[in-house]
Amino acid sequence: MLARLALILSLLVPVWFMAAALGSKFDLWSWRIGLGVMIVQWGPRILIGTAILGLVALIVTLARAPRTGWRAALVALLIPALGLGYLLWVRGQSADIPPIHDVATNIEDPPTYSPALLAAREAEGANPVAQLSAPITSLPAYQGPRFAALQGKTLGQVGREAYPEVRTLTVAASPDQAMAAVQAEVQAQGWTLVGADAAAGTVEATAETFWFGFKDDVVVRVAPAPDGGSLIDMRSTSRVGLSDLGANAERIDDFLDDVEDRLGED
């Protein structure tokens, strides 16, 4: 009986986490409730509680003849144990990632968002889009002693040091060809196209994560290269959260790789 109860509760643990994420995605509650309360605050407690129950059930079933139910108890222990292991891994990974949510390939001259997209972000109460040349500790989100290690660095420099591989993509294709490849890749990624300005060589889109429905805005700029070909720059900025856990840099890196493949260049 105890082993069965422990197994049922452990099987409900993934349901709790999925509900937290999908409830945020479909606006049943805010992401602060789904992520901040249901996962960050209560997630570890639920995992530890079900793991303890599974361990007790395993000990009891092994200690009493005829020792039936130990397999169910073992599964009941392994499910939350794996969950705790994953949370610890994410925490360890995040410790090496700077608390930023705005990354660009060109920090000296980054692509800029249109007034329309900035207005849409502001209407949602999203993170303000700061200048990458701004000293990071001068920004409201980075006040306090916990950010002392970032003193003297600009927002762009913090991103460049963390993700040195995120750089301008140079291709042999003409700007028109590069622009077409960028728009095709935006569509292939399933992002929401916000706008494309052929004269300015810019494409704006919004990417949305599957689990929490977090929205990140991107702008890609295509410009003629001095010696022929094209320069492709990209910026990706999260709407919510202080740290993106490296998602924006990964998005830029993957997108530009795919555009390069689409153009037949390597």
> Once you round to the nearest 0.5 Å, how far does CG of L78 lie from CG of L7?
Replying inline: 11.0 Å

> How far apart are the closest heavy atoms of A141 and L242, and which atoms are they?
Replying inline: CB-CD1, 3.9 Å

>> If I take atom OG1 from residue T168 and atom CG from residue L231, how far apart are they, to the nearest 0.5 angstrom?
In response: 6.5 Å

> Rounded to the nearest 0.5 Å, what separation is found between the OG1 atom of T50 and the CG atom of L12?
Replying inline: 10.0 Å

> Ignoring hydrogens and geometry, is there a side-chain-to-backbone donor-acceptor pair from Y142 to L150 under 3.5 Å?
Replying inline: no

> Which atom pair, heavy atoms only, marks the closest approach of M179 to D197?
Replying inline: CE-O, 3.6 Å

>> Any side-chain to backbone donor/acceptor pair from W191 onto E185? Under 3.5 Å, distance only.
In response: no

> Between W211 and M18, is a side chain to side chain contact (heavy atoms under 4.5 Å, CB included) present by the stated rule, with each step listed?
Replying inline: CA-CA 8 Å; W211 285 111; M18 287 189 289; 3.9 Å; yes

> F214 and W31: which non-hydrogen atoms are nearest, and at how many Å?
Replying inline: CE2-CB, 3.5 Å

> Do L28 and V40 sit in the same hydrophobic cluster, where Ile, Leu, Val, Met, Phe, Trp and Tyr count as joined when their side-chain heavy atoms come under 4.5 Å apart?
Replying inline: yes

> Less than 4.5 Å apart, any side-chain heavy atom of L155 and any of Q131?
Replying inline: no

>> In the structure I gave you, are the side-chain heavy atoms of P175 and V222 within less than 4.5 Å of one another anywhere?
In response: yes

> What heavy-atom pair brings T61 and A3 nearest, and what distance separates the two atoms?
Replying inline: CG2-CB, 4.0 Å

> More than 12 non-hydrogen atoms from neighbouring residues, nucleotides or ligands closer than 6.0 Å to CH2 on W29, yes or no?
Replying inline: yes

> Do W16 and L87 share a hydrophobic cluster, counting only Ile, Leu, Val, Met, Phe, Trp and Tyr and linking them when any side-chain heavy atoms are less than 4.5 Å apart?
Replying inline: yes

> About how many Å separate CG of L53 and CG of L2, when rounded to the nearest 0.5 Å?
Replying inline: 5.5 Å

> Taking all atoms of both residues into account, what is the closest heavy-atom pair of S230 and S174, and its distance?
Replying inline: OG-C, 3.0 Å

> Picking from L132, D244, D216, N127, what satisfies side chain to side chain contact (heavy atoms under 4.5 Å, CB included) with D102?
Replying inline: L132

>> Please say yes or no: joined through hydrophobic side-chain contacts below 4.5 Å, possibly via intermediate residues, are L82 and V13 part of one cluster?
In response: no

>> Let me confirm one number: the CZ-CD distance from R235 to E204, rounded to the nearest 0.5 Å.
In response: 11.0 Å

> Would T237 and Y113 count as a side chain to side chain contact (heavy atoms under 4.5 Å, CB included) if you check the C-alpha gap in whole Å, the side-chain angles of each, and the deciding distance to 0.1 Å?
Replying inline: CA-CA 10 Å; T237 313; Y113 295 106; 2.7 Å; yes

>> Is there a path of hydrophobic side-chain contacts, each under 4.5 Å between heavy atoms, that joins I8 and I79?
In response: no

>> Tell me the closest heavy-atom pair linking A20 and S24, and the distance in Å.
In response: O-OG, 3.0 Å

> Do K153 side-chain atoms and I136 backbone N/O form a donor-acceptor pair below 3.5 Å?
Replying inline: no

> Is there a path from V103 to F147 through hydrophobic residues (I, L, V, M, F, W, Y) whose side chains come within less than 4.5 Å of each other?
Replying inline: yes

> Between the side chains of D233 and T105, does any donor sit under 3.5 Å from an acceptor?
Replying inline: yes

> Do the non-hydrogen side-chain atoms of L5 and M1 ever get within less than 4.5 Å of each other?
Replying inline: no

> Testing V56, L55, L62 for side chain to side chain contact (heavy atoms under 4.5 Å, CB included) with I59, which one passes?
Replying inline: L55

> Does the side chain to side chain contact (heavy atoms under 4.5 Å, CB included) test come out yes or no for Q189 and R251, once each step is laid out?
Replying inline: CA-CA 10 Å; Q189 294 285 342; R251 176 180 296 111; over 6 Å; no

> Using a distance-only test with no angle check, is there a side-chain donor-acceptor pair under 3.5 angstrom linking S238 and N248?
Replying inline: yes

>> Side chains of R239 and D217, heavy atoms from C-beta outward: is any pair under 4.5 Å?
In response: yes

> With respect to F255, which candidate in D258, V259, I252 satisfies the side chain to side chain contact (heavy atoms under 4.5 Å, CB included) definition?
Replying inline: V259

>> Can you pull out every salt bridge (Lys or Arg N to Asp or Glu O under 4.0 Å) where at least one residue sits in residues 45-73? Sequence neighbours excluded, please.
In response: none

> Can you find a pair of side-chain heavy atoms, one from I39 and one from F212, that are under 4.5 Å apart?
Replying inline: yes

> Within a radius of less than 6.0 Å around CD of E124, do more than 12 heavy atoms belonging to other residues, nucleotides or ligands occur?
Replying inline: yes

> So with a 6.0 Å cut-off around CD of E208, is the heavy-atom count from everything else above 12?
Replying inline: yes

> Taking atom CH2 of W70 and atom CG of L58, what is their separation to the nearest 0.5 Å?
Replying inline: 8.5 Å

> Quick check: does any side chain N or O of S10 sit under 3.5 Å from a backbone N or O of A76, one acting as donor and the other as acceptor?
Replying inline: yes

> Of the options T112, I232, D109, which is the one that meets R221 in a side chain to side chain contact (heavy atoms under 4.5 Å, CB included)?
Replying inline: D109

> Within the distance-only criterion (no hydrogens, no angle test), does the side chain of Q143 pair as donor or acceptor with the backbone N or O of T137 below 3.5 angstrom?
Replying inline: yes

>> side chain to side chain contact (heavy atoms under 4.5 Å, CB included) for L47 and F17? Distances and angles first, verdict last.
In response: CA-CA 10 Å; L47 289 169; F17 283 89; 3.9 Å; yes

>> Can you confirm whether K215 sits close enough to T192 that some side-chain heavy atom of one is under 4.5 Å from a side-chain heavy atom of the other?
In response: no

